Amino acid sequence: MPDLVPVLRKDEIQRIVGEMGQKISSDYQGRELILIGILNGAFIFLSDLIRQLTIPVKVDFIRAASYGSDTSTSGKIQLTKGIEIDIRDKDVMVVEDIVDTGLTLNHILDYVKSLGPHSVRVCALLDKTERRQTSIALDYAGFKVPEGFLVGYGLDYAEDYRNLPAIYHLQP
Ligand code: IMP
């Protein structure tokens, strides 16, 4: 069995998600925001984040597949579910659990921008910068985390551990 080493406690996650929600609500005051969650990993972060927002929101999801049971990106990203609501001329926020190489996000941003939104920003709970291969800027980032594979709070390893309320480093 792999070891789980604590990285972020439940209360630390809740505090930062609250702060991110306040900042986003203030930046988008008087506007409606469409949040696009990246499945599967972002579903827990997104569901906590939207309950911290005081502006009108709509929610949709994209499903991107790149990781199998491996711990590094294949670089080949496949969209297996696209956006179903109309985002043309809307303010859009792509919500990601963790950005590692940035390849997934790059691919997704190209797709989202091709649908003609008024604006697109990115919000990620975890920013793992060491292996970044793209120059994308995260507009809202929760925690900067060191290299290593993390699980819990929606993050999985081979679909396990998503339900853990805190975030752990998976030690092989
Ligand atoms: P990237 O394309 O390398 O930036 O990888 C982004 C995607 O890989 C995220 O949406 C996650 O699904 C997954 N991922 C990256 N790092 C981790 C991790 O430490 N734990 C779990 N999933 C991860």
Side-chain angles (χ1 to χ4, degrees), residues 4 6-25 28 32-71 73-74 77-87 90-109 111-112 115 117 120-128 136 138-145 148-170:
L4 296 179
V7 172
L8 290 166
R9 293 188 314 267
K10 189 176 161 182
D11 63 298
E12 292 176 307
I13 299 170
Q14 293 313 318
R15 180 181 50 78
I16 198 82
V17 173
E19 287 170 9
M20 293 174 93
Q22 273 179 17
K23 175 89 173 79
I24 293 168
S25 299
Y28 284 86
E32 181 190 63
L33 184 61
I34 312 236
L35 294 123
I36 306 289
I38 313 300
L39 294 172
N40 291 341
F43 77 110
I44 291 182
F45 172 45
L46 178 69
S47 67
D48 280 349
L49 182 67
I50 55 168
R51 283 175 285 176
Q52 300 298 324
L53 297 178
T54 54
I55 49 168
V57 298
K58 289 194 170 75
V59 177
D60 201 349
F61 293 93
I62 291 173
R63 188 161 207 270
S66 69
Y67 278 63
S69 58
D70 202 353
T71 56
T73 187
S74 65
I77 290 102
Q78 202 195 350
L79 290 189
T80 55
K81 182 208 168 307
I83 297 173
E84 290 165 65
I85 56 178
D86 186 7
I87 63 164
K90 306 285 189 188
D91 291 313
V92 172
M93 179 86 68
V94 173
V95 180
E96 182 57 302
D97 50 359
I98 183 164
V99 180
D100 183 6
T101 63
L103 293 172
T104 306
L105 199 52
N106 236 11
H107 193 87
I108 284 168
L109 285 175
Y111 163 66
V112 172
L115 300 175
V120 184
R121 285 187 180 164
V122 177
C123 170
L125 178 64
L126 303 172
D127 187 8
K128 196 158 69 169
I136 36 164
L138 303 183
D139 301 288
Y140 303 89
F143 298 96
K144 221 172 165 160
V145 288
F149 201 79
L150 304 179
V151 296
Y153 196 69
L155 296 167
D156 75 306
Y157 175 67
E159 297 303 327
D160 287 327
Y161 308 113
R162 291 196 198 273
N163 60 317
L164 300 177
I167 294 175
Y168 299 85
H169 184 212
L170 187 74

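Predicted, not measured: the structure shown is a model, and the values here were computed from it. All heavy atoms count here, side chains included; hydrogens, waters and symmetry mates do not.
- Classification of the Phe149-Tyr157 ring pair by plane angle, with boundaries at 30° and 60°, yields perpendicular.
- Remark: Arg15 engages Glu19 in a salt bridge, criterion side-chain N to carboxylate O under 4.0 Å.
- Looking at Ile87 and Asp60, their side chains never come closer than 4.5 Å, going by heavy atoms from C-beta outward.
- Under the 3.5 Å distance criterion, the side-chain polar atoms of Asp91 are left unmatched by any main-chain donor or acceptor of Leu33.
- The shortest distance between side-chain heavy atoms of Phe143 and Ile167 does not fall below 4.5 Å.
- Considering only heavy atoms from C-beta on, Ile136 stays 4.5 Å or farther from Val122 through its side chain.
- The distance from the CZ atom of Arg162 to the CG atom of Leu155 is 8.0 Å, given to the nearest 0.5 Å.
- A distance of 12.0 Å separates CZ of Arg9 from CD of Gln14, quoted to the nearest 0.5 Å.
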Legend entry - side-chain contact (heavy atoms from CB on, under 4.5 Å) evaluation trace for Ile13 with Asp48: CA-CA 10 Å; Ile13 299 170; Asp48 280 349; 5.6 Å; no
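- For the atom pair CD1 (Ile108) and CD1 (Ile38), the distance works out to 3.5 Å, reported to the nearest 0.5 Å.
- Remark: side-chain polar atoms of Thr54 are not paired, donor with acceptor, to backbone N or O of Ser25 under 3.5 angstrom.
- Heavy atoms only, all atoms of each residue included: Ala124 and Leu138 are closest at CB-CD1, 4.1 Å.
- Nearest heavy-atom pair across Ala166 and Leu8 is CB-O, 3.2 Å.
- Taken to the nearest 0.5 Å, the CG atom of Asn106 stands 8.5 Å off from the CD1 atom of Ile77.
- In this structure, the side chains of Ile44 and Asp97 stay at 4.5 Å or more apart for every pair of heavy atoms.
- The side-chain heavy atoms of Met20 and Gln52, taken from C-beta on, include no pair separated by under 4.5 Å.
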Inset, instruction - Please assess Val99 against Leu126 for the test side-chain contact (heavy atoms from CB on, under 4.5 Å), listing each intermediate value before the final yes or no. - result: CA-CA 6 Å; Val99 180; Leu126 303 172; over 6 Å; no
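- Listed here is the closest heavy atom pair of Lys81 and Phe61: NZ-O, 2.8 Å.
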Inset, instruction - Show your working on side-chain contact (heavy atoms from CB on, under 4.5 Å) between Val151 and Leu4 and close with a plain yes or no. - result: CA-CA 8 Å; Val151 296; Leu4 296 179; 3.7 Å; yes
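- Taking CG of Asp100 as the reference point, atom CG of Leu105 lies at 11.5 Å (rounded to 0.5 Å).
- Minimum interatomic distance between Leu79 and Ala64 (heavy atoms only, all atoms of both residues): CD2-CB, 4.0 Å.
- A heavy-atom distance below 4.5 Å is found between the side chains of Glu96 and Thr104.
- Taking SG from Cys123 and CG from Leu46, the interatomic distance works out to 9.0 Å, rounded to the nearest 0.5 Å.
- Shown here for Val7 and Glu12, the closest heavy-atom pair between the two residues is O-OE1, 4.2 Å.
- For the pair Asp156 and Asn40, the minimum side-chain heavy-atom distance is 4.5 Å or more.
- A 4.5 Å side-chain heavy-atom check between Tyr153 and Val17 finds at least one atom pair inside the cut-off.
- Of the possible donor and acceptor atoms, one in the side chain of Tyr111 sits under 3.5 Å from a partner among the backbone N and O of Ile83.
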